[in-house]
Amino acid sequence: MASRVRVATEADLPRVVELLAQLSIDGPREQPGSPSPEVYTEAFRRMQADEEQRLLVLEVDGRIVGTLVLFIIPNLTHRGRPYATVENVVIDDSERGTGRGRELMNYAIDEAKRAGCYKMALTSHRSRTAAHRFYKSLGFESAHEAYRIDFPD
């Protein structure tokens, strides 16, 4: 099966949103479907305009089976070297355990290295123990306690 990682296009949005819906752990969060609601289109266009963000998709035989967002963040520490963050990593339920996640993450790791980053960071919900094992298998270590504050819609 032929696979490739590429930068997402606007035409990919319905499938990307469908995949992101699989990340919901506490009920529906996304609104999958075609055409994408305007909020997704607007957010995508803003992401495209930001040279530090890349919405990546993994295609297998022409079908998108995974996605993530890679951020390359300018930085003043580490002698001005940037760092990378990945967010919204998801591989379709039907493709988990096939090595597709490793393929997508290795692509992002290589992109971060090419950009001169000194590290790559990510967060993962504490309930996602299988994802944690996966990230550790890629060389990630739990290095910090993470905190966040959610704002109402």
Asker: Report the distance from atom CG of Leu23 to atom NE2 of His125, rounding to the nearest 0.5 Å.
Answerer: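 The distance works out to 11.5 Å.
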Asker: Can you tell if the side chain of Gln53 reaches within under 4.5 Å of the side chain of Val69, non-hydrogen atoms only?
Answerer: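 SC-SC contact between Gln53 and Val69 confirmed.
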Asker: Given side chains that start at C-beta, do those of Arg81 and Asn75 come closer than 4.5 Å, heavy atoms only?
Answerer: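 A side-chain contact under 4.5 Å is absent here.
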Asker: Could you tell me if the side chain of Tyr83 sits less than 4.5 Å from the side chain of Thr77, heavy atoms only?
Answerer: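 Counting from C-beta outward, Thr77 and Tyr83 never come under 4.5 Å.
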Asker: Report yes if some heavy atom in the side chain of His132 is under 4.5 Å from a heavy atom in the side chain of Ser142; otherwise report no.
Answerer: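 No, their side chains stay 4.5 Å or more apart.
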Asker: So how far is it from Arg102 CZ to Ile91 CD1, rounded to the nearest 0.5 Å?
Answerer: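 Taking CZ in Arg102 and CD1 in Ile91, the distance rounds to 11.5 Å.
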Asker: With the 4.5 Å side-chain cut-off for hydrophobic clustering, are Val39 and Val17 part of the same group?
Answerer: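 Yes: a chain of side-chain contacts under 4.5 Å links Val39 to Val17.
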Asker: Is there a side-chain contact between Arg133 and Lys136 in this structure, where contact means two heavy atoms from C-beta onward sitting under 4.5 Å apart?
Answerer: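 No. Closest side-chain heavy atoms not under 4.5 Å.
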Asker: Please check: side-chain N/O of Arg54 versus main-chain N/O of Val7, any donor-acceptor pairing under 3.5 Å?
Answerer: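 Between the backbone of Val7 and the side chain of Arg54 there is no qualifying donor-acceptor contact (under 3.5 Å).
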Asker: Nearest 0.5 Å, what's the CG-CZ distance between Leu122 and Phe140?
Answerer: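 Leu122 CG to Phe140 CZ: 4.5 Å, rounded to 0.5 Å.
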Asker: Identify the heavy atoms of Ile72 and Pro82 that sit nearest to each other, and give their distance.
Answerer: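 In terms of heavy atoms, the two residues are closest at CG2-CB, 4.0 Å.
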Asker: Using a 3.5 Å distance criterion without hydrogens, assess whether the side chain of Asp61 forms a donor-acceptor pair with backbone atoms of Ala2.
Answerer: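 Present.
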Asker: Would you name the heavy atoms of Met105 and Leu138 that are closest together and state the gap between them?
Answerer: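 Looks like CB-CD1, 3.6 Å.
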Asker: Between Arg15 and Thr67, does any side-chain donor sit less than 3.5 Å from a side-chain acceptor?
Answerer: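 Looking only at side-chain atoms, Thr67 and Arg15 do not form any donor-acceptor pair under 3.5 Å.
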Asker: CZ/Arg63 to CD/Glu95 distance, rounded to the nearest 0.5 angstrom?
Answerer: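 It comes to 6.5 Å.
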Asker: Show the nearest heavy-atom pair for residues Ala108 and Leu70, with the distance to one decimal.
Answerer: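 The pair with the smallest heavy-atom distance is O-CD2, 4.1 Å.
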Asker: Checking the side chain of Asp12 only, and the main-chain atoms of Thr9 only, is there a donor and an acceptor separated by less than 3.5 Å?
Answerer: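 Yes, Asp12 side chain to Thr9 backbone: donor-acceptor pair under 3.5 Å.
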Asker: Compare all side-chain heavy atoms of Glu103 with those of Tyr107 and state whether any distance is below 4.5 angstrom.
Answerer: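 No, every pair of side-chain atoms sits at 4.5 Å or beyond.
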Asker: Do NZ/NE/NH1/NH2 and the carboxylate oxygens of Glu42 and Arg45 come within less than 4.0 Å?
Answerer: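 No.
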Asker: Locate the shortest heavy-atom distance separating Thr129 from Arg126; write the atom from each residue and the value.
Answerer: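 Closest heavy-atom pair between Thr129 and Arg126: CG2-O, 4.3 Å.
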Asker: So which heavy atom on Val60 is nearest to which on Ser3, and how close?
Answerer: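 Heavy atoms of Val60 and Ser3 come nearest at CG2-CB, 4.0 Å.
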Asker: So do the side chains of Arg96 and Val90 get within less than 4.5 Å of each other, counting heavy atoms only?
Answerer: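 Contact flag for Arg96/Val90 side chains = yes.
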Asker: What's the separation between atom OH in Tyr135 and atom CZ in Arg128, rounded to the nearest 0.5 Å?
Answerer: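 Those atoms lie 8.5 Å apart.
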Asker: Give a yes or no on this: more than 12 heavy atoms of other residues, nucleotides or ligands lie within 6.0 Å of atom CZ of Arg79.
Answerer: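 Counting neighbours around CZ of Arg79, 12 or fewer heavy atoms of other residues, nucleotides or ligands fall under 6.0 Å, so no.
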Asker: To the nearest 0.5 angstrom, please state how far the OG1 atom of Thr123 sits from the CG atom of Asn88.
Answerer: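 Here the interatomic distance stands at 8.5 Å.
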Asker: Spell out, as yes or no, whether a donor-acceptor pair under 3.5 Å connects the side chain of Gln22 to the backbone of Asp93.
Answerer: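 Yes; judged by distance alone, with no hydrogens or angles, the pair exists.
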